[in-house]
Structures are given as structure tokens and as C-alpha cells.
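Note that ligands are numbered from 1 as they come in the structure, with each ligand's atoms numbered from 1 the same way.
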Amino acid sequence: MARALLEKGVRTAVIVTLGERGAMIVRRKGDDETVEQSTTDVNDDDDSNHETIMISEPADLPHQALPVVDAVGAGDAFCGALAAYLSRGVKLEQASSMACGVASMSVRKRGAQESYPLAQDLPECLQLDNKQQSSDGEESERRGTITFVTGNKNKLLEVQRLISSDQGKSVPFDLTNAKLDLPELQGSPEEIAREKCKTAANLLQSAVMTEDTSLCFHALNGLPGAYIKWFLDGLGHDGLNKMLQGFDDNRAYAQTIIAFSPGPGKEVHLFDGRTEGRIVPPRGSLDFGWDPIFEPLEEECESGDIDKGNTYAEMTKDDKNKISHRSKSFEKFRHFLATSSGEILKGMNA
Ligand SMILES: O=c1nc[nH]c2c1ncn2[C@H]1C[C@H](O)[C@@H](COP(=O)(O)OP(=O)(O)OP(=O)(O)O)O1
Ligand SMILES: [Mg+2]
């Protein structure tokens, strides 16, 4: 089961809790951190790709002498404590062992929340000392979190798919999502993207990514552009087609501008991606915006090695991602994160 989850694309490791026997970490070989704990036992001969590490609570946990009275809430105690230790820079094996210790304390009191120890009640072996945090918090080990602020679930789904197909090119950042529909000023797509990103960073007081997508008709000098949302809502697919009647050019390009800011008041970085196509009568699934009326040009399809002549809405999600405006801008953003991660992490913490 743990291995199946790893094969499905879990990034770091799968942890299985085993009640009084502690927990088990399963991960791909080669993804290891230094194992320093006497509480761990690595077994890497179960198959060639994975290793299993058995974790137990710290041997000097004073509560081991007390009777177990109630297991309610132990799993939540483990997960909460694990998240807290990891977020403070403790390595996975040690954080898991300490989380087993917190869960072990919780089963020695009745109830769920009431059974969780307060920070001041933790015995020494479950407390963080400063030495441990600073030695584990070196630049090469650090990760940052970026919040993708969007009110559009389809954008989020496509970006999540791009990230999960990105294995091997991973960057030291995790993406979370906040569903906010932010105000969008009038102006060029770049100005709109920049201002929206600044607003998001100020609102959330954190590192954020936003994205703005435009659909630009060549015959109309780039309009509706950034205002496509309002045109689509007001006119529908047929109305957008009718706008081009009387012109002999039905070409259009889709453009995504990703905007990234490491925090409130910090510089905004822009990454754009474009895909050229034609506006056609609607064909395919009606799931996402103007996908049914946008047919990418033959050259675009050739460059992604996918079938020609389909609208975005007739393609699989993976094929769309091979050539889409969104994937092109995301690729530039990913490259920026990979090449400037040290500087960005410093900026995020400054
Ligand atoms: O790949 C796409 N395929 C088809 N339609 C798309 C695509 N990407 C955005 N769209 C639609 C959504 C909205 O009608 C407009 C862009 O407006 P845009 O402001 O960027 O999106 P939004 O307001 O829905 O979400 P957000 O909260 O991120 O601003 O084009
Ligand atoms: Mg919007």
C-alpha cells in the first residue's frame, strides 16, 4: 500500500502508524536523510526501489511507565506533532520518532484533544533544542511554501497536474492554495498581473503566486485579452465566434502570466507563456472556460507531438498540458525557482 502510494507520485515518503509498535517510513532509495537515531532500523532489502525504516518513540520517554488508558486521538496527535516538528526543521526520522512520543503521551490520558500534551509539559526528549533547529536548517535543506491564489478550480487542477508530472525536476518549494477572487485593475495583462500579485502577498502576508489568462484575437489587436472572462460570461462561445464575423482572420493566442512575489512589499516576478490558435465553433467538453472554441495551430500540436485539429476541450488534460499557454509559463516559473531557490528562500524569510 505504501509503495503503491509512492508509485502514484508521493514526493517524499509514506508514513504508516503502527499503534504501540511506533511507525514505519517507506520511501524511494536515494531520497534518504542521514539516519542518526538509535530509534530507527533501516531495512532496504525488501525490494530494489524502496527502503523501510521502523520508527519507535524515544527510549527515554518517561511516560512509558504509565498505563495506556485510551487510544482516541492518538493518530491526530501523531500527525499534528509530526507537522510541528517538520516545520521547525527536524528531519523526518527524528520528527516521526518524537511524534510517536507525543502520541504515546496522548494514549495515557482519556479523551482526544484533552489528552494532547501542551508544549510546556513535554519531557526533554520531545522538546526542540536550538542546536537541533539551526544545524538542520541549513540552506540546502530548507523548503519554502508558495500559496497559489486563485478562485478558479480548473487552473489549480492543471497546475497540480503540471507539478505532479514534474518529478525529477523538483524544486524546494511546496504549493498550497487559497481561493480568493482578487480585484483585477484595468490595464495591460502585465500591469493587471503585477497588481493582483502584490494585493495577494499583502493580504496573505506570505509568498504567493497568481496567474492571469488572456485570450487575444489577432483581428481585434489583442482584445478581449485580459477581459476575456467578462466577454465569455456576457457573450458565450457563440458570441465570441460572432465577434469575428466580417474578419477573414480567426487566429487568436492564449496567454498566461504567472506572477510571483516572495512576500508583502517584495519584488514581483512575471513569467508568460503563449499558445497560438484559432477561434472555432465550440467542440468538446464544456468544463473549462473557452477551451471548446480554441483550436491550437498545427505547429503547436507538432511541437508537443499530439494529434492536430482538436480544440483544447477535445484533448486529454495531459495533451493540453504538453502545449498550453499555462504549461509554458509554468515551465519558466519552475526554472526560476530551481535556479534562484537560495536567494528566494532568503527573501521569503527576510
Ligand atoms: O486554460 C484555459 N482554458 C479555457 N479557459 C480558461 C483557461 N484559463 C483561464 N480561462 C478562463 C477563465 C476566465 O474566464 C478567463 C481568465 O480570467 P482570469 O482572471 O485569469 O481567471 P479567473 O478569474 O477565473 O481566476 P483567478 O481567480 O485566478 O483570477 O479565462
Ligand atoms: Mg480573475
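- Salt-bridge formation is not detected for the pair Glu51/Arg28: no Lys NZ or Arg NE/NH1/NH2 atom is positioned less than 4.0 Å from an Asp or Glu carboxylate oxygen.
- In this structure, Asp305 does not pair ionically with Lys322, as no charged nitrogen and carboxylate oxygen lie closer than 4.0 Å.
- Under 4.0 Å is where a charged nitrogen must lie from a carboxylate oxygen, and between Glu298 and Lys308 no such pair does.
- Protein residues with a heavy atom closer than 4.0 Å to ligand 1 are Thr150, Gly151, Asn152, Lys155, Asp181, Glu184, Lys196, Glu211, Asp212, Thr213, Ile228, Lys229, Phe288, Gly289, Trp290, Asp291, Lys320, His325, Arg326, listed by chain and number.
- Listed by chain and residue number, the protein N/O/S atoms under 2.8 Å of the Mg ion (ligand 2) are Glu184 OE2, with waters left out.
- By the 4.0 Å N-to-carboxylate-O rule, Arg326 lies close enough to Glu211 to be salt-bridged with it.
- Ring-plane geometry between Trp290 and Phe294 is classed as perpendicular, the angle between the planes exceeding 60 degrees on a 0 to 90 degree scale with a lower cut at 30.
- Hydrophobic clustering, defined by side-chain heavy atoms of Ile, Leu, Val, Met, Phe, Trp and Tyr closer than 4.5 Å, groups Leu270 together with Ile257, Val268.
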Show me, pair by pair, the donor-acceptor contacts under 3.5 angstrom made by side chains of residues 221-231, not counting sequence neighbours?
unit_1 : atom_1 : unit_2 : atom_2 : d
Tyr227 : OH     : Gly187 : N      : 2.9
Tyr227 : OH     : Gly187 : O      : 3.3

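- Residues Glu57 and Ser104 bring a donor and an acceptor atom of their side chains to less than 3.5 Å of each other.
- The pair Lys332-Asp272 meets the salt-bridge criterion, since a charged nitrogen lies less than 4.0 angstrom from a carboxylate oxygen.
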